[in-house]
Amino acid sequence: MKNDETSRHTPGAMTDHAAPPRVRGLPSRLLAVNALHADRLVNDGLAAEGARKWHFAALTALAEGGPASQSDLSRRTGIYRSDMVAVVNELAEGGLVERTPDPADRRRNVITVTAEGRAHLRRLDTVVDAAQDALLAPLDAEDRARLTDLLTRLLDHHERTAATAPDDDAPGAADPALG
C-alpha cells in the first residue's frame with residue numbers, strides 16, 4: 001500500500017526549517033526535497049514551451065536512437081505503453097513526430113521525429129539545461145560533476161539491486177518527509 005503522505009506535501013512545506021535537524025539532515029530526505037525542486041523547475045520550464053517531461057523523453061529517445069514502434073519507445077523511455085499512446089498522439093498532433101506503417105509488420109506503426117520535432121527538442125534542451133543550472137546554482141562545475149557522479153553511482157546500485165529484489169511496495173517508501 002502506498003503511503004499517502006506525498007500528496008500532502010508541497011515544495012514550500014518541504015523547505016520548512018522547523019523540522020528537527022536530525023530529520024532535515026537525512027540524505028534520503030535531502031534527495032526527496034531536492035527532487036521536488038528539480039521536478040518543479042523542469043516542469044515549469046517545459047510547460048512554458050507547451051511540453052511535458054514525457055514529450056522531452058520521447059523526442060530525445062527518437063532523436064538519439066532513431067525511429068521506433070510505440071512499444072520500443074516505451075521501453076527506451078520507461079514510459080508505460082498505455083501512457084505512450086497519449087504522448088505520441090500529442091506529439092503527432094503538434095507535428096513533432098509522424099507515424100508510418102512498419103514495413104515489417106503492418107499492424108504497428110513506426111514513430112519518427114520530424115524536422116519540426118528536432119527544432120522543438122533543441123528549444124527543450126535549452127529549457128532543461130536552464131532548469132539544471134537553476135537547480136545546481138550554488139555548485140561550481142567541479143561540484144556539479146561530483147554530484148552527478150555520486151547520484152549516478154547510487155542509481156546504478158539501486159537499479160542493480162532492484163533487478164534482483166522482489167517487487168514490493170513497502171509502506172513509507174515514497175514519504176518525502178524521510179525520503
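These numbers come from the heavy atoms of this one structure, side chains and all, not from hydrogens, waters or symmetry mates.
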When you measure from the side chain of N34 to the backbone N and O of L30, does any donor-acceptor pair fall under 3.5 Å? yes

Non-hydrogen side-chain atoms of D156 and R160 separated by less than 4.5 Å: yes

Does any N or O in the side chain of T161 come within less than 3.5 Å of the main-chain N or O of H158, such that one atom is a donor and the other an acceptor? yes

Below 4.0 angstrom, N of the basic side chain to O of the carboxylate: do R144 and D133 qualify? yes

What distance do L73 atom CG and R81 atom CZ have between them, rounded to the nearest 0.5 Å? 12.0 Å

Quick one about R122 and T126 (side-chain donor to acceptor, distance below 3.5 Å, no hydrogens or angles considered), yes or no? no

With rounding to the nearest 0.5 Å, note down the distance linking CZ in R123 to CZ in F56. 13.0 Å

So, the side chain of H55 versus the backbone of R52: is there a donor-acceptor pair under 3.5 Å, distance only? yes

Given 3.5 Å as the limit, does a donor-acceptor pair link the side chain of T114 with the main chain of L96, or not? yes

Spacing of CG belonging to N89 relative to CE belonging to M84, to within rounding of 0.5 Å: 11.5 Å

Any link between L91 and L121 through a network of hydrophobic side chains (Ile, Leu, Val, Met, Phe, Trp, Tyr) touching at under 4.5 Å? yes

Give the C-alpha distance, both sets of side-chain angles, the deciding distance and a yes or no for side chain to side chain contact (heavy atoms under 4.5 Å, CB included) between K53 and N43. CA-CA 7 Å; K53 286 188 295 187; N43 286 335; 3.3 Å; yes

With rounding to the nearest 0.5 angstrom, report the CD to CG distance, Q70 to D72. 10.5 Å

Closest non-hydrogen atoms of R106 and P101, given as atom of the first, atom of the second and distance, are NH1-CB, 3.2 Å

Value rounded to 0.5 Å, distance of CG in N109 from OG in S69: 9.5 Å

In this structure, CG of D149 is separated from CZ of R153 (nearest 0.5 Å) by 5.5 Å

Apply side chain to side chain contact (heavy atoms under 4.5 Å, CB included) to V42 and Q132, showing your working. CA-CA 8 Å; V42 171; Q132 304 311 297; 3.7 Å; yes

Ion pair present between R146 and D143, side-chain N to carboxylate O less than 4.0 angstrom? no

For residues T112 and P67, report the shortest heavy-atom separation together with the two atoms involved. OG1-CB, 3.6 Å

Shortest non-hydrogen separation from R24 to A19 and the atoms involved: CD-O, 3.3 Å

Between the main-chain N or O of T148 and the side-chain N or O of T152, is there a donor-acceptor pair closer than 3.5 Å? yes

Carefully, step by step, assess H37 and V33 under the rule side chain to side chain contact (heavy atoms under 4.5 Å, CB included). CA-CA 7 Å; H37 291 295; V33 173; 3.8 Å; yes

Of all heavy-atom pairs linking A68 and L62, the shortest is N-CD2, 4.0 Å

Single-linkage hydrophobic cluster, 4.5 Å side-chain cutoff, W54 and V88 together: yes

Quick check on the hydrophobic clustering: are I79 and L124 connected, directly or via other members, by side-chain heavy-atom contacts under 4.5 Å? yes

Between the side chain of R76 and the main-chain N/O of A61, is any donor-acceptor distance below 3.5 Å? yes

Grouping I, L, V, M, F, W and Y whenever their side-chain heavy atoms are under 4.5 Å apart, do L46 and L59 come out in a common cluster? yes

Hydrophobic clusters here meaning ILVMFWY residues chained together by side-chain heavy-atom distances under 4.5 Å, can you tell me if V127 and L135 are in one? no

